[in-house]
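Both counts, for ligands and for their atoms, begin at 1 and track the order of listing. We use all heavy atoms of the structure for the numbers below, so side chains are in, but hydrogens, waters and symmetry mates are not. Residues: numbered from 1 along the sequence shown.
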Amino acid sequence: MSDCIFCKIAAGEIPAEMVHTNETVVAFRDTKPVADVHFLVIPRDHHESAAEMAVVDAQGVADLFAVVGEVARAEGISESGYRVLTNVGADSGQEVAHVHLHVLGGEPLGPLRSQPG
Ligand code: 5GP
Ligand code: ZN
């Protein structure tokens with residue numbers, strides 16, 4: 001997708017602080033971190049959501065989670081714990097329509113949703 005910011009990051013056309021790259025997956029720090037450790041894990045291929053991706057590339061979804069584990073170990077948060085989440089669509093507040101896993105850690109994260117309802 002020519003106008004997708006995460007496709008451009010994956011292609012090296014926009015700089016990002018990379019924490020892991022391989023043939024199919026790229027992981028980089030979020031520019032507006034909401035936890036001490038906050039990185040994003042994306043496929044190089046453009047898909048709008050993890051659910052959509054799973055239908056056409058289930059192995060690719062598994063590959064994303066393998067990178068989550070590898071980078072979590074490298075960042076030293078495997079033992080302390082971390083949260084993986086992905087936003088889908090308007091109600092979630094998804095800003096970038098290229099599937100990405102947020103990985104948050106490095107501090108106690110609190111409840112999943114601070115103000116229910
Ligand atoms: P979403 O709301 O779509 O789940 O999350 C998008 C995330 O991407 C946000 O946390 C935002 O800070 C991050 N982000 C947006 N543009 C860029 C960028 O150009 N570089 C990096 N590293 N992160 C970005
Ligand atoms: Zn894209």
Does the gap between the ring centers of Phe39 and Tyr82 come in under 6.0 Å?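 No, too far apart.
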
Ring center gap for His100 and His102 short of 6.0 angstrom: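 Centroid separation for His100 and His102: below 6.0 Å.
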
Are [X] and [Y] connected, step by step, through hydrophobic side chains (Ile, Leu, Val, Met, Phe, Trp, Tyr) whose heavy atoms are closer than 4.5 Å?
| X | Y | value |
| --- | --- | --- |
| Val26 | Val41 | no |
| Val84 | Leu112 | no |
| Ile42 | Val96 | yes |
| Leu64 | Val19 | yes |
| Val71 | Val68 | yes |

Under 4.0 Å to a heavy atom of [X] - the qualifying atoms of ligand 1, by number:
| X | result |
| --- | --- |
| Lys32 | 12 (O) |
| Leu40 | 8 (O) |
| Phe28 | 21 (C), 22 (N) |
| Phe6 | 8 (O) |
| His102 | 1 (P), 4 (O), 5 (O), 7 (C), 10 (O) |
| Gly93 | 2 (O) |
| Asn87 | 1 (P), 2 (O), 4 (O) |

Closest heavy-atom contact between [X] and [Y]?
| X | Y | answer |
| --- | --- | --- |
| Ala50 | Thr86 | CB-CG2, 4.5 Å |
| Met53 | Pro43 | CE-CB, 3.6 Å |
| His98 | Cys7 | ND1-SG, 3.5 Å |
| Asp36 | Gly106 | OD2-O, 3.4 Å |
| Glu75 | Arg29 | OE2-NH2, 2.9 Å |

Is [X] touching ligand 1 with its side chain, its backbone, both, or neither, if touching means heavy atoms under 4.0 Å apart?
| X | value |
| --- | --- |
| Glu17 | neither |
| Phe39 | neither |
| Thr86 | neither |
| Val34 | neither |

[X] N/O under 3.5 Å from ligand 1 N/O:
| X | value |
| --- | --- |
| Glu95 | yes |
| Val96 | yes |
| His38 | no |

If you have a sec, work out which protein heavy atom is nearest [atom] and how many Å separate them, to one decimal?
| atom | value |
| --- | --- |
| atom 1 (P) of ligand 1 | His100 NE2, 3.1 Å |
| atom 9 (C) of ligand 1 | Asp30 OD2, 3.3 Å |
| atom 22 (N) of ligand 1 | Arg29 O, 2.8 Å |
| atom 16 (N) of ligand 1 | Ile5 CD1, 4.0 Å |
| atom 17 (C) of ligand 1 | Thr31 OG1, 3.8 Å |

Restricting to N, O or S atoms, which atom of His98 is closest to the Zn ion (ligand 2)? ND1

Calculate the angle formed at the Zn ion (ligand 2) by SG in Cys7 and SG in Cys4; 10° precision is enough. 120°

Please determine whether His46 has a backbone or side-chain N, O or S atom lying under 2.8 Å from the Zn ion (ligand 2). yes

Is the backbone of Val99 close enough, under 3.5 Å, to the side chain of Ser49 for a donor and an acceptor to pair up by distance? no

Ile9: heavy atom below 4.0 Å from ligand 1, yes or no? yes

Heavy-atom neighbours of Glu13 CD exceed 12 at 6.0 Å: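 Buried by this count: over 12 neighbours within 6.0 Å.
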
